[in-house]
Every structure is written in C-alpha cells, then in structure tokens.
Amino acid sequence: MGFMAASPSVVMLKGSEHTATATLPAAFSDLLPHFLVEPEDEYIVKNKPVTLTCRSTPATQIYFKCNGEWVHQDDHLIERTVDPATALPVMQVTIEITRQQVEKIFGLDEYWCQCVAWSTTGTQKSQKAYIRIAYLRKNFEEEPQGKEVALDQEVLLRCHPPEGVPQAEVEWQRNEDVIDPASDPNFFITADHNLIIKKARLADTGNYTCVAKNIVARRKSTSATVLIYVNGGWSTWTTWSSCSAVCGRGWQKRSRSCTNPTPLNGGTSCEGQNIQKSACVATCPVDGGWSEWSKWSACGADCSMWRSRECTQPSPGTGGKDCQGLDLQSLNCTSEQCPQSDKKQFVFSHDYFFPFLLCPLLVAVSGAEDVALYVGMVAVALCLTLLLIVVVLVYRRKKEGLDADVADSSILTTGFQPMGIKPKNSHLLTIQPDLTTTTTSYQGTLRSRHDTTGKFSMTNGPLLDPLPNGSHTLHNGKLNPDPADFVSRLSTQSYFKTLPRDVANTSYGTFNFLGGRLTIPNTGISLLIPPEAIPRGKIYEIYLTVQRKEDLRLPLAGCQTLLSPVVSCGPPGVVLSRPVILSMDHCSDACLDNWAIRLKKQNYEGAWEDVLLMGEELVSEPYYCQLEAETCRLFSEQLGTFALVGESLHMGAAKRLRLVLFSDAYCSTLEYNIRVYCMDDTQDVFKEVMQMERQLGGRLIDEPHVLLFKDSYHNLRLSIHDMPQAHWRSKLLAGYQEIPFYHIWNGSQRYLHCTFTLERLSLSTCELTCQLCVWQVEGEGQSFSLDFNIAKFLLMDNNATALAGPSAFQIPYLIRQKICSSLDAPCPNGADWRMLAQRLKLERHMSFFASKASPTSVILDLWEAQHFHSGNINQLATVMADIGKQEAMIFLVSDGEC
C-alpha cells in the first residue's frame with residue numbers, strides 16, 4: 001500500500017540506459033502487459049520524419065520492430081511513470097521514422113512498425129502502424145466538361161481526382177463558392193466524386209470547378225461552364241383585330257409572342273408564325289333616311305297644324321348616321337276652330353325661308369301694327385345697303401390684286417409671246433422661258449417667274465414667229481447650269497440639306513406652263529409635268545431624286561415590306577393647277593387580293609403618313625394610283641417624298657426578286673468567284689448594284705432572272721450544280737448557301753448576296769456551264785441554266801434625259817388641245833373621252849377621270865407617262881379614228897407642219 005501511495009515517479013532513459021529491467025512489485029508480477037497507446041499509421045509529408053509512440057502497463061521492456069527487424073536500442077526514447085490510480089508502472093517508448101528509411105524498401109512492400117512489450121508473465125504485440133510517403137499528383141484523371149442544358153433537365157459533371165496518398169478528398173465549387181449539398185438538396189455528390197444537378201435552374205448557370213485536396217496539396221480542375229438555356233414558347237393568341245375595312249372586304253389579324261417563356265441563353269426561338277391573318281367582310285354602315293311627310297293635321301285651336309316623318313327609310317344601322325333635320329313640322333292656319341280666324345294671318349313653314357336672314361322681320365296682323373311694318377321695311381333697306389358696300393369693297397380688292405399679275409398671251413394665237421410687266425416693275429426685263437433644259441442632277445428652288453435677273457439669257461422680239469396657215473412651231477431656249485454649282489446653291493436651304501447629293505441618281509430642270517419630264521436614267525423613275533400643271537406666269541425649278549434606303553428608313557411592322565424605291569420630287573409646297581404623274585417600279589405580284597398596299601408620304605417633320613390605300617382611292621383626294629404589272633403611276637397634286645409599302649394578307653403574297661450574277665472582270669488565277677445578288681425587282685436597285693460592281697471591278701455574266709419570293713417565313717437557299725467535273729470544282733464545304741427570310745422581306749438590306757467560289761483545273765478553261773438552283777425552304781424552287789465565257793461580259797445601257805416643253809411629249813401641244821376640246825364634251829353616242837379610256841384599257845379609272853375638269857387631258861397624260869419610250873403616236877391616231885374623230889388625221893402630219 002505504501003507503494004500505491006507514493007507519488008508518481010518519472011524515469012526517462014535514452015539508449016543503453018533502458019537495458020535495465022524494471023522490477024515489478026510482487027502484487028503485479030502475474031499480469032501481462034496491456035497497451036495504453038499503440039502506434040498509428042503515419043504519412044511522411046515532404047522530408048519531415050514521423051514519430052511512433054507505444055505505451056504499456058505493467059511492462060518491464062518495450063521494443064519496436066519495423067518490417068520484421070528490431071529497431072536499434074539507441075533509437076528508442078523511454079519514459080517510465082507510475083499510474084497513480086493503480087500504482088502500476090507505465091512505460092512509454094517513441095521512435096522516429098525518416099523518409100530515407102521508408103524509401104529504402106519503397107516499391108517492395110509497405111513500411112510498417114509495431115512494438116513488443118514484456119512483463120514477468122509474458123509478452124504482448126501492438127498493432128502494426130504503416131508509414132507511407134504522402135503525395136498528390138497534379139493532373140486530374142478526368143476533368144468536368146462544359147455543357148448546355150435545357151431548363152429543368154438533369155446535369156451530370158464528372159470528376160476523377162489526381163492520384164495521391166492519402167486519397168484526395170473532393171469538393172465542388174460554383175463561381176468559386178463551395179457547393180454544400182446539405183444546404184441545397186438540388187446538388188448531389190456521388191461516391192465517385194461526380195456532381196449531379198437534379199433539376200437545372202437558371203441560377204445554376206455558372207463555372208463549375210472540381211477541387212481535390214489531401215495533407216500534401218490542393219488541386220483545382222479547369223472550370224466547366226454550364227449554360228442553362230430556355231427554349232422559347234408561344235403565348236396564347238390575341239383576339240382577332242377589327243376588320244381593316246369599314247365597309248366590304250378587308251382583313252383582320254391576331255398575334256402571339258415568343259414570351260412563354262422568352263428564349264434565353266441561346267435557346268431556340270419559337271417556330272411558326274407570330275401573326276395570323278384572315279379575310280373578313282365588314283357590314284357596311286347604313287345611314288338613316290327620312291320617310292315621306294305625313295298629311296297635315298287638322299287646324300287646331302291654337303291656329304296651327306302639324307305633320308311628321310320618321311327616320312325609317314332606311315333606319316340607321318351598323319354605325320350609320322342618323323337622319324339630319326326635323327321630324328316634326330308646324331304651320332299656322334285659319335279655320336273655324338281658330339278663335340282669331342277673322343284676323344290676317346302670316347303663314348310660316350319650315351320649308352320656306354325669307355331671303356334676308358340677317359334682317360329682322362316684323363309682320364303686321366292688324367291695322368294697329370302698321371308702325372311695326374314700317375320699321376321692318378327700314379331695316380330691310382339698311383341690310384341691302386350694307387350688303388352692297390361689302391360687295392364693292394371685295395371687288396376693288398380683287399381688282400388691285402389682279403393688277404400685279406403677269407399678263408401672258410396664249411401660244412394658240414401668235415405662239416409664246418413675251419410677258420408684260422406693269423410700269424411699277426419696269427426695271428425687270430422680259431425673259432425667255434427655258435423649255436428644253438437637259439441636266440442629270442437636281443438642286444433647285446421655287447421662284448416666281450419675275451425673279452430671273454442674272455439667270456436667263458435675253459432675246460429681243462417675240463419668241464415665236466407666226467407661220468402661214470395658222471400653224472406654229474414651238475422654239476425652246478436652253479439652259480445648261482453647272483450641276484456642282486446647282487448643288488452648292490441649294491445646300492444652303494434648310495429643306496434641301498437632307499437630300500442626297502448623288503448626281504447620278506438625281507435629275508432637275510426648269511419648267512413653265514408648257515410642262516416637261518424628268519427621268520433618272522436606268523431606274524424606271526420619271527416625273528411627267530403635264531401642260532398647264534404649272535400656272536401661267538410661273539417658272540419652277542423641279543427636282544427628282546432617289547433616296548437611299550439606309551438614309552431614310554421607313555417604320556415597318558408585322559408583315560409590311562417596302563415595295564418601291566423611296567422617291568423625292570419637289571420642292572414641296574409649289575402650287576400645281578393639275579396633277580403630275582410620278583412613275584416608279586414596284587416589286588409586288590400586283591395582286592391586290594394578296595396585298596394591302598399603301599402609299600406613304602413623308603411630312604415636313606420627317607414622319608411618314610399613310611395617304612392612300614391601293615384599291616380604295618377617293619377621287620376627292622390629292623393622290624391617285626394606277627398599279628401596273630411592274631410600275632406604279634401616281635397622280636399627285638403635291639410634290640414630296642413617296643414610297644409604296646405592302647402588307648401581305650396571307651402567305652400567298654409574293655415579292656418579285658431579281659437574281660443577278662457577277663464575277664471579276666479579269667481572272668488570272670485558277671480561283672473564280674460568282675456573286676449572286678438577291679434584290680427587289682426594281683431598276684433603281686439594279687442600277688445601284690451595277691455601279692458598286694463597276695467600282696469593285698466586277699462584270700455582269702448573265703441576264704438577270706426573276707423569282708417570286710413568298711411570305712412563308714422560309715429562308716432562301718441557293719446552290720450550283722452540274723458543273724463539268726473535268727474542268728471545274730466547287731470549293732464550298734456546304735451543299736448550299738442560305739439567306740434569311742427577314743433580310744429579304746423587309747427590303748432594306750443593301751447588296752444582299754452570296755458568293756460561290758469555284759476552281760478551274762487549268763488557266764486555259766474559259767467556258768462554264770452549270771445550273772443555279774434557287775428555292776425557299778419547304779417551297780417550290782427554280783433552276784436557271786448558266787452558259788457563259790468568263791472572258792466576255794455584258795454591257796449596260798446608259799441614257800439620261802430631262803426635257804422641258806413640247807419636246808417632252810409625243811403629242812404636240814396644239815393637237816392635244818384640239819383632242820381635249822373634241823372629247824371632253826359628252827357625246828350622245830358615247831364617242832367621247834369615255835370611249836377613249838375604254839380603247840386604251842383605262843376604264844377602271846373612269847370615276848377618277850370624270851372628277852377632273854378635262855378628263856381627256858388626264859387620259860393623255862397617263863398615255864404619255866406609259867409610252868414615252870415605246871409609244872407609237874400613229875396607234876393613238878388609229879384609236880381616235882375608230883372613235884370617229886376626224887381630228888386624228890392631224891397625227892399623220894409631220895412635226896414641221898404642226
């Protein structure tokens with residue numbers, strides 16, 4: 001017991017000191033050693049040695065054995081203590097293991113150590129402790145790969161960490177933040193270290209990294225980008241819009257949007273149409289109409305009788321107007337029932353009105369009221385006096401205004417005579433009007449005819465000498481200003497600052513009442529100014545130009561597309577006595593059942609306004625259109641900027657496209673490029689592409705081809721086939737090229753084309769034959785045969801004209817006047833302007849012609865606009881002869897005799 005009570009003693013021995021065997025008390029001599037601490041597995045990190053510890057009680061000796069060999073006794077560090085609780089002796093032994101010791105047997109077997117404890121009773125062995133060299137390789141055996149996954153789909157990211165001892169632990173990071181599956185159950189990390197996103201969310205988009213780490217190092221994989229995309233979905237259809245027509249056939253539409261959901265992160269857009277159209281018929285509004293008046297009622301006691309009518313023939317319906325006027329009418333009367341029947345009565349009805357509404361009217365009904373009668377007569381006299389004074393003042397003012405006007409004689413008497421000027425303007429000289437101005441660019445202003453100082457050449461005497469037999473020849477002066485000077489002169493004016501200064505696409509001229517014509521070469525655009533359209537005594541400088549589409553973008557929406565060039569004529573605001581005719585090409589299929597074609601005009605603020613719906617023109621409006629197969633003729637009483645915009649009513653609507661093929665003018669290499677332009681079938685676009693290709697050194701290799709492009713939302717595909725394989729081969733990787741639908745349909749893309757790169761096997765090869773195939777996806781296609789020599793090319797015509805006066809028209813002025821006077825008057829047998837319209841196949845516009853003061857003149861204007869280059873005046877003479885007008889014979893007279 002005394003030993004148990006003794007304080008613990010510690011004895012530490014190093015080396016040979018531990019050879020002394022501890023003596024156990026007799027009470028514990030029969031106990032086997034019991035290990036309190038056994039050596040554990042250890043890892044050597046870099047070059048740091050590890051320490052193994054073994055503790056046993058009761059023990060007299062403890063030794064370590066490593067890999068079957070006893071560790072030298074000098075390497076043991078011994079520590080002896082006494083357990084205060086049991087009074088048993090406790091021995092602890094430690095040793096150090098270095099990297100060199102382990103590496104000696106590395107690869108043969110694992111390095112292990114265990115300790116053996118002795119007591120007087122026997123021995124005990126501890127568990128084996130394995131010592132390993134720790135490491136972690138740099139490269140992952142499998143790294144995660146980026147993915148694009150649809151919303152709500154499962155995502156699997158694989159990761160196989162680098163080899164290491166001890167085995168590396170793996171964690172996942174998203175955008176450098178550690179992923180904790182415990183806090184976000186949507187993530188799951190498998191036993192083999194793969195990451196699973198159970199249901200992809202938009203928030204799961206990011207960069208994912210696999211991180212491997214152990215006691216030696218920490219490694220990160222390359223980041224894998226996970227993109228969660230959303231495919232677009234259609235919303236529900238809107239309700240059908242109201243019918244576009246107020247009365248009769250029209251169309252209505254409904255729409256949907258790709259917002260359910262909206263495509264995100266590269267998700268596919270919705271397939272199909274976003275707008276549906278359907279034909280509709282609107283019930284026409286019925287304006288109310290009065291029935292017949294009822295009979296007068298009997299004369300009542302109040303000396304009046306009544307009659308009525310109802311708004312029932314027809315009754316107003318579907319938004320029609322109610323009847324205007326009174327439905328009840330009263331009338332004073334005399335009868336036996338009237339207590340005042342013996343007195344003089346004045347009968348007043350709503351159907352009759354006294355002429356002088358502004359004058360008070362007093363009626364005498366008895367002798368006592370004669371004074372009132374006299375007063376009324378005086379009032380009437382005063383009213384008449386005031387009215388006479390007003391008329392005199394108005395007449396004098398008009399007369400004063402007329403004194404300042406220019407006096408101009410008619411060419412039907414002695415030709416075009418010099419104009420007269422009042423004495424107060426005697427400092428101004430008589431001018432010679434310019435009738436044959438020929439220029440190719442416009443810039444100009446609006447001037448009164450008097451404002452001509454320093455501008456026109458002067459002549460003495462009459463401009464036209466009288467000819468025998470009453471015939472007259474019109475002589476035209478010439479004015480050839482410098483176009484560049486004309487451009488700079490107009491550029492200072494506010495309105496013209498926005499006009500393009502493209503001389504090649506602009507024409508201008510100076511015109512008087514004899515009219516003229518402006519033409520932009522090779523564009524199909526012209527402006528006909530009929531005789532008498534410009535008031536007598538006025539001289540206008542008028543321009544005509546084509547606006548570039550990228551400079552003047554029209555607001556297009558839905559199924560709308562630009563069908564014509566944007567054309568400006570002006571200056572705006574000039575006073576015209578009759579409509580001018582603007583001719584320009586269009587690219588629609590000219591079927592109004594497929595289109596809603598609108599004429600748009602740009603106002604002074606730059607905004608675009610709808611001024612006319614094709615097929616629903618009103619003769620009272622200042623604009624009227626004739627739509628031909630390829631050309632639109634616009635009658636306009638105002639100058640400005642115009643364009644045709646079409647809206648397809650269904651998928652059968654089609655635009656005409658022109659396919660034009662170009663190549664390099666000179667080819668000295670084996671490689672040969674064919675550029676196929678896809679453009680609206682209008683001459684102005686073709687001219688623009690021709691000009692660009694000339695600048696690039698290109699040449700036209702085949703005649704243009706026309707293709708109908710339908711509003712089917714399908715792209716246009718082009719391919720080349722059937723080339724002679726012995727001489728040519730294609731260098732394209734794809735079998736075809738594709739142009740997106742909307743790039744073509746909106747009509748605002750310039751120089752839209754694709755290039756086919758071919759290669760000839762010999763420089764001596766010049767002949768190329770092949771097939772050009774063009775088709776819309778899921779639609780019918782067309783095939784064009786090409787056979788040309790790459791050393792030859794086509795040339796384009798180039799003619800320019802701006803004519804003023806009689807030279808601008810095929811019909812001489814005097815003959816025109818006689819035809820108009822002969823046909824304008826109605827004829828009982830129908831041999832008048834109506835028959836002329838029918839023979840010229842213009843009967844569709846009868847109502848428009850009839851609304852004009854001279855229908856024949858408007859018909860002849862349209863004929864001039866249509867047949868300036870191709871018309872035969874003798875054919876028109878034949879039509880006149882068929883009508884029965886002998887004046888047609890004058891057409892056969894030569895120009896010198898007219």
Side-chain angles (χ1 to χ4, degrees), residues 148 150-152 202 227-245 249-282 549-550 553-564 586-589 591-598 600 608 610 613-614 643-657 678-680 707-717 738-750 752 774-781:
E148 294 183 0
L151 188 69
D152 296 333
L202 287 176
L227 183 66
I228 311 301
Y229 62 85
V230 179
N231 293 325
W234 287 115
S235 63
T236 57
W237 288 102
T238 61
T239 56
W240 288 101
S241 65
S242 57
C243 195
S244 61
R249 185 180 181 277
W251 55 270
Q252 57 184 167
K253 65 180 180 180
R254 63 176 182 173
S255 62
R256 57 179 177 175
S257 58
C258 191
T259 56
N260 187 30
T262 303
L264 292 174
N265 298 335
T268 58
S269 298
C270 304
E271 294 184 357
Q273 301 182 14
N274 65 332
I275 296 177
Q276 278 187 350
K277 293 190 175 183
S278 176
C280 59
V281 178
K549 296 176 182 177
E550 68 273 14
R553 294 190 178 275
L554 275 76
L556 302 178
C559 303
Q560 290 184 340
T561 179
L562 186 62
L563 296 178
S564 74
H586 69 86
C587 60
S588 75
D589 57 10
C591 180
L592 293 182
D593 292 336
N594 298 334
W595 293 92
I597 301 179
R598 289 177 168 83
K600 287 184 175 287
W608 288 91
D610 293 341
L613 176 62
M614 205 74 70
L644 285 182
V645 173
E647 184 170 8
S648 62
L649 299 180
H650 50 76
M651 296 175 63
K655 290 179 63 174
R656 293 192 327 276
L657 301 182
C678 179
M679 64 188 77
D680 291 346
L707 170 74
L708 288 179
F709 186 75
K710 293 186 176 181
D711 182 19
S712 61
Y713 296 92
H714 293 308
N715 298 340
L716 186 70
R717 291 181 177 177
E738 190 166 292
I739 302 177
F741 169 82
Y742 287 104
H743 288 183
I744 300 175
W745 191 255
N746 62 18
S748 60
Q749 294 284 337
R750 295 182 64 201
L752 196 61
V774 185
W775 73 100
Q776 275 186 273
V777 181
E778 300 182 8
E780 298 179 357

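In what follows, every heavy atom counts, from backbone to side chain, and hydrogens, waters and symmetry copies are set aside.
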Evaluate the side-chain contact (heavy atoms from CB on, under 4.5 Å) criterion for residues Leu562 and Val645: first the C-alpha distance (whole Å), next the side-chain angles of each, then the deciding distance (0.1 Å), finally the verdict. CA-CA 5 Å; Leu562 186 62; Val645 173; 4.2 Å; yes

Looking at residues at least two apart in the chain, or sitting in another chain, which of them share a disulfide (SG to SG under 2.5 Å) with Cys678? none

Which atom pair, heavy atoms only, marks the closest approach of Pro261 to Val230? CG-CG1, 3.3 Å

Test side-chain contact (heavy atoms from CB on, under 4.5 Å) on Arg656 and Leu708 and set out the steps. CA-CA 5 Å; Arg656 293 192 327 276; Leu708 288 179; 3.8 Å; yes

Atom CZ of Arg598 and atom CE of Met614: how far apart are they, to the nearest 0.5 Å? 11.0 Å

Locate the shortest heavy-atom distance separating Ser588 from Leu563; write the atom from each residue and the value. CB-CD1, 3.8 Å

CG of Leu644 to NZ of Lys600, rounded to nearest 0.5 Å, is 11.0 Å

Please find the pair of heavy atoms, one from Cys270 and one from Trp234, that lie closest to each other, and give the distance. CB-CE2, 3.2 Å

Tightest non-hydrogen contact, residues Lys253 and Trp240, listed as C-CE3, 3.5 Å

Does some side-chain heavy atom of Ile597 sit less than 4.5 Å from a side-chain heavy atom of His586? no

Just by modelled atom types, is the Thr259 backbone N or O under 3.5 Å from a matching donor or acceptor in the Ser235 side chain? no

Flag side-chain contact, heavy atom, 4.5 Å: Ser255 against Ile275: yes

Any side-chain heavy-atom pair of Trp595 and Thr561 under 4.5 Å: yes

If you round to the nearest 0.5 Å, how far is NE2 of His714 from CD1 of Ile744? 13.0 Å

When you measure from the side chain of Gln252 to the backbone N and O of Cys280, does any donor-acceptor pair fall under 3.5 Å? no

Output for pair (Leu752 CG, Ile739 CD1), nearest 0.5 Å, gives 4.5 Å

Nearest 0.5 Å please: distance from the CG atom of Asp711 over to the CG atom of Asn594. 10.0 Å

Rounded to the nearest 0.5 Å, what separates atom CD in Gln276 from atom OG in Ser241? 12.0 Å

Check the pair Leu707, Leu716 against side-chain contact (heavy atoms from CB on, under 4.5 Å), reporting the backbone distance first and the verdict last. CA-CA 11 Å; Leu707 170 74; Leu716 186 70; 3.8 Å; yes

Side-chain (Asn715) to main-chain (Phe741) donor-acceptor, under 3.5 angstrom: yes

Could you give me the CA-CA distance, side-chain angles and deciding distance for Leu649 and Asp593, then say whether side-chain contact (heavy atoms from CB on, under 4.5 Å) is met? CA-CA 8 Å; Leu649 299 180; Asp593 292 336; over 6 Å; no

So which heavy atom on Cys258 is nearest to which on Gly232, and how close? SG-CA, 3.8 Å

Which atom of Pro263 lies closest to which atom of Thr268, heavy atoms considered: CB-O, 3.7 Å

Strictly distance-based, threshold 3.5 Å: is any side-chain N or O of Lys277 a donor or acceptor partner for the main-chain N or O of Ser648? yes

